[in-house]
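Next up is a structure, given as structure tokens.
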Amino acid sequence: MTSRLERIAQQRRQKLDRIRTRGINPYPHRYHRSHTTQEAVALLKQEEGERETLTLRTRGLRDSSPSVTVAGRITARRNMGKITFMDLRDSSGKIQLLCGELLDVDQNQILKEIDIGDIIGASGRLFRTKTKEPTIAVSDLTLLAKSLRPLPEKWHGLSDVDTRYRQRYLDLIANTEVKETFQVRSRIITAIRQFLNQRGFLEVETPVLQPSAGGALALPFITHHHALDQDFYLRIATELHLKRLIIGGFDKVYELGRIFRNEGISTKHNPEFTMLESYEAYADYNDVMKMLEEMVSNISQQVLGTDKIKFGDNIIKFKPPWQRLSLRQAIKEYSGIDFDQFPDADSLRAEMLKLKMEVDPQKDRGRLIDELISTFVEPNLMQPTFLLDYPVEMSPLAKVKPDDDRLVERFEAFAGGMEIANAFTELNDPIEQRQRFLQQQKEREAEGEMVESIDEDFLLALEYGMPPTGGLGVGIDRLVMLLTNQQSIREVILFPQLREKT
RNA sequence: GGGCCGCUAGCUCAAUUGGAAGAGCAGCUGACUCUUAAUCAGCAGGUUAGAGGUUCGAGUCCUCUGCGGCUCACCA
């Protein structure tokens, strides 16, 4: 495109040609390294420790210094006349290379053609320079892959968010803290698996392509299967299939998987995101609460070494027990509205209008209450908090409370001002479940929204009998945001959704 | 989808009221045997996101388009 970039690419292609002319393959098939850079530095320290006990402290290269072979990307180069220092980085860390008199004529020629960004392999003895930098005195140098494009700036890194997300590999090369975030993400997911496996949960995989998108109320993505000539939805939840497995006799199951919702994109929403759902037979939402607070606290402890974490300007303490607050109390406390006194949508809406809220007249009572939560309550829930006992009309898959059929046994967990989990004592009465689905359909029809067909296959399964069950859904991306102190979901998803650049 | 803000060299950023588009890094040439944001000397590098308009003159003002960020709406 622009001549500057073209010129650099052209210069590097010329270097490629010169390398090939000398009969050297700039993209060889394999290279065997003996150590990662981290292991090499550790080896040097170990060897120095032993040496110190034998003799007086000596530095610099000696015949007894251990030899290593490492490989990685060159991230810096400093020419000093007859010697050249380079920084070589691999996924474990970095080490300095010293190239000088130990290289033969051919390898000195290769050294001249090496740019920042190239992938190389290097062997030699470990030593420390007089500034004590762990260094390999390179005796053998191999080009493993020539880079044809310049890397982002070494000091400021890459900061343009558009480029960071579209070319995440550059972000990972230039910004080490980004790499760390995704390493922590991986450790969190491993820790979740360990926690659940230890408790006897079975990890399962259920379909992403579904004939009807159930288990949540969200706009699905639609795709088409050609051989079957049938439309399918990408799942918006794993709930209904996991319950089928509870019916099938797996008493504890979970799935960690990608969920797709065709809705707005924001700092807290990506169209595809990762959700943990778990179901435990013979448990209720109280058992699930205990498990969740323990799980998050354990994970934080295991991954970060503490259950007190910094999130923005706040310190969040995950140590159980978390605050438990009834939804009614919470809304009353933060907005002043007691929704029990407004049993229908109209009266509640009128009350909300008094608070100068802009209220959509289409919304039913459940959605109005939801709006009260997100406007007044959610932003205030910095410390981990369970909101308990939601109105039945906003929870068609949850079982009503034994003493109050207007409420269900459901909780949502909040931390850092975000919803991170949703759980309930699962409704297992097939007849009531059918009525709830029908009721929901009626309401959606009245609101003029798209009405999904009822998942008859799920109702059929329920009719065979599902044990009383506690179910849980956790937004993994938001949990990772909390534990990595990130304010945008795009910082914890490697390739967040962006509009295609034309 | 609405509102606000942004887009200048490969990267990070300047450019006074509308008055000659600049620096650092990266690159190229040269010097240098312990540097590490190496240093020193020199060179080169631009469709100012795109299109149109106002003006003697536009990176700067106006309109439209594209992409991004924040935010609102949407969101069990």
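A, B, ... follow the sequence lines: proteins, then strands. Residue 1 opens every chain. Fair warning: this is a prediction, and the values are worked out from it, not measured in the lab.
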What is the distance, rounded to the nearest whole Å, between atom CG of A:Leu368 and atom P of B:C74? 11 Å

Starting from the 5' end of RNA chain B, give me the residue, A:Leu98 or A:Arg478, whose nearest nucleotide shows up first. A:Leu98

Identify whether any heavy atom of A:Arg166 sits under 4.0 Å from a base atom; if not, whether one sits that close to sugar-phosphate; answer base, sugar-phosphate or nothing. sugar-phosphate

Produce the list of close N/O pairs, under 3.5 Å, pairing protein atoms with atoms of nucleotides 70-73 of chain B; give distances to one decimal.
from: B:C70; atom 1: OP2; to: A:Arg490; atom 2: NH1; distance (Å): 2.8

Could you pull out the protein-nucleic contacts involving nucleotides 37-39 of chain B (nitrogen or oxygen on both sides, under 3.5 Å)?
from: B:A37; atom 1: O3'; to: A:Lys154; atom 2: NZ; distance (Å): 3.1
from: B:A37; atom 1: N1; to: A:Trp155; atom 2: NE1; distance (Å): 3.4
from: B:A38; atom 1: OP1; to: A:Lys154; atom 2: NZ; distance (Å): 2.0
from: B:A38; atom 1: N7; to: A:Asn79; atom 2: O; distance (Å): 3.4
from: B:A38; atom 1: N6; to: A:Asn79; atom 2: O; distance (Å): 2.8

I want to check one thing: is the phosphate of B:C75, taken as OP1 and OP2, less than 4.0 Å away from some side-chain N or O of A:Arg367? yes

Counting the atoms with a prime plus P, OP1 and OP2 as sugar-phosphate, which does A:Glu133 contact under 4.0 Å by heavy atoms, base, sugar-phosphate, or nothing? base

Have a look at A:Gly473 and say if it touches a base, only the backbone sugar-phosphate, or nothing, with a 4.0 Å heavy-atom cut-off. nothing

Output all residues satisfying side-chain contact (heavy atoms from CB on, under 4.5 Å) with A:Ala76, sequence neighbours left out; order by chain, then residue number. A:Arg78, A:Asp87

Base, sugar-phosphate, or nothing: which does A:Leu498 touch, judged by heavy atoms less than 4.0 Å apart? sugar-phosphate

Roughly, in whole Å, what's the span from NZ in A:Lys112 to P in B:G30? 8 Å

Protein-nucleotide distance (A:Ile83, atom CD1; B:C32, atom C1'), rounded to Å: 10 Å

